[in-house]
Chemist: 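This structure is in structure tokens; I'll ask about it shortly.
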Amino acid sequence: MSTKKSKSLFKKAQTLISGGVNSPVRAFKAVGGDPLFISHAKGSKLTDVDGNSYIDYVLSWGPLILGHAPKKVIEAVTEAAAKGTSFGAPNPYEVTLAELIVAAYPSMDKVRFVNSGTEATMSAIRVARGFTKRDKIIKFEGCYHGHADGLLAKAGSGAATLGVPTSPGVPQSYAMNTITVPFNDITALKNVIEKEGENIACLILEPIVGNIGCVIPRDGFLAEIRELTQKHGIVLIFDEVMTGFRAAYGGAQELFNIKPDMTCLGKVIGGGLPVGAYGGKREIMSLISPEGPVYQAGTLSGNPVAMSAGIATLNIIRKSGFYEKLNETAKTLEYGLNDAAKKANSKVKIYRVGSMMCQYFTDKEVIDWPTAASCDTQKFANYFRGMLTGGIYLPPSQFEAFFLSAAHKKIDIERTVNMSYKVLKSIR
Ligand SMILES: *Cc1c(COP(=O)(O)O)cnc(C)c1O
């Protein structure tokens, strides 16, 4: 397998683009080696600029639930683009996509489109602060909500502490308004809310934590959060940028039957184009400009090409049986990977919700950030490189979920499981 062209492109990119990439994990730092430059992709496969093909489980980090370049989506995008790529004025696609989203998420009376998940969470929090007239927010350790300043705060282990910025460039004064609590720890959350309840505008969380792999909420955890936030007038925001239309059509909130006050979406709703959205209760959403005083805007928001990709995607995945079939494929992969690990005498823990999953290199249960962080990341790195050489493209980090698409076929799963066994044996 030659990766000469990728190597040479990466060398040049590093002189022109910070780190050679436009989003950090793409650089393969956690697993070693140089990133691959992709030339094209179709269905379940990626092809790099040197002509090597891979079965793709990254799927652009989640959006591509139909796989790469699905015919219907490409047709819709092409048709929309030919009619003009942006108007800076309302277009009919926005109304259609909003209607599809509001129908799928009963907790959302209204929605606003933005261009990324980061924008969605950032804006939702602004509205929640405007609504409650409070400044502080609570987030959970290990949950990722995009790269807005106040959301990069991540506290150390143990009980809730005042936010310390994890990234230089985030003023301490921003981070001070972010309180971080361990995921799956209702007692820690209760303590914070009892002390600070009146100052807290919102609690934001990933109901299934996909940004440290795939951490599942304990039985009753989300219901207790719902009750606590309601009692203290705290706006509950589900960040379903990853889980929306992924964990289920109606997201994690449908799966766990919880109604948050606000929801953030992204990834799948853009069908591979840059789209984010936030929405929620009518009385909260009516605060947004021009209906209300909270300002939020976007030159390209509701972009007709991006909206049409979202509409085409949702129109396929909302058909009955879509998720059953997709999740069945994911289950086959989960079982296959577990068997392969057993046969190779390798210690792994696999967690899966629908078509998102993570294979942790550990023999302990993973329930939060510290338990995820204690996995054998060196072993994962070796595994990643072995799989890549074998034609399987996994996320280049132990702490990222991998995804399946409707384009993944039985033969892809078989190849992946066989390769997994081979690689696990060789790295033992
Ligand atoms: C991907 C993601 C984001 C950020 O979305 P971008 O489009 O990358 O800005 C926010 N929250 C969650 C849960 C995500 O998975």
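Below, all heavy atoms of this structure are taken into account, side chains as well, without hydrogens, waters or symmetry copies. Please read all numbers here as calculations on a predicted model, not as lab measurements. Just follow the structure's listing: the first ligand is 1, and inside any ligand the first atom is 1.
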Chemist: Does R112 reach the main-chain N or O of Q296 with its side chain, forming a donor-acceptor pair under 3.5 Å?
Modeler: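 Side chain of R112 to backbone of Q296, a donor-acceptor pair under 3.5 Å: yes, one is there.
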Chemist: Might you list the protein residues in contact with ligand 1, defined as having a heavy atom under 4.0 Å from one of its atoms, sorted by chain and number?
Modeler: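 Its neighbours under 4.0 Å (heavy atoms only) are S116, G117, T118, Y144, H145, G146, E206, N211, D239, V241, M242, K267, given by chain and number.
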Chemist: Which word best sums up how the rings of F28 and Y393 line up, parallel for under 30°, tilted for 30 to 60°, or perpendicular for over 60°?
Modeler: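 Geometry flag for Y393 against F28: tilted rings.
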Chemist: Under 6.0 Å between the ring centres of Y105 and F245?
Modeler: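 Ring centroids of Y105 and F245 are less than 6.0 Å from each other.
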Chemist: Hey, do the aromatic rings of F140 and W369 have their centres closer than 6.0 Å?
Modeler: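 Between W369 and F140, which both carry aromatic rings, the centre distance is not below 6.0 Å.
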Chemist: I want to know whether F361 and Y383 have ring centres closer than 6.0 Å.
Modeler: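 Yes; Y383 has its ring centre under 6.0 Å from that of F361.
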Chemist: Taking H408 for the side chain and S405 for the main chain, is one N or O donor matched with an acceptor at less than 3.5 Å?
Modeler: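 Judged by distance alone, yes, a pair lies under 3.5 Å.
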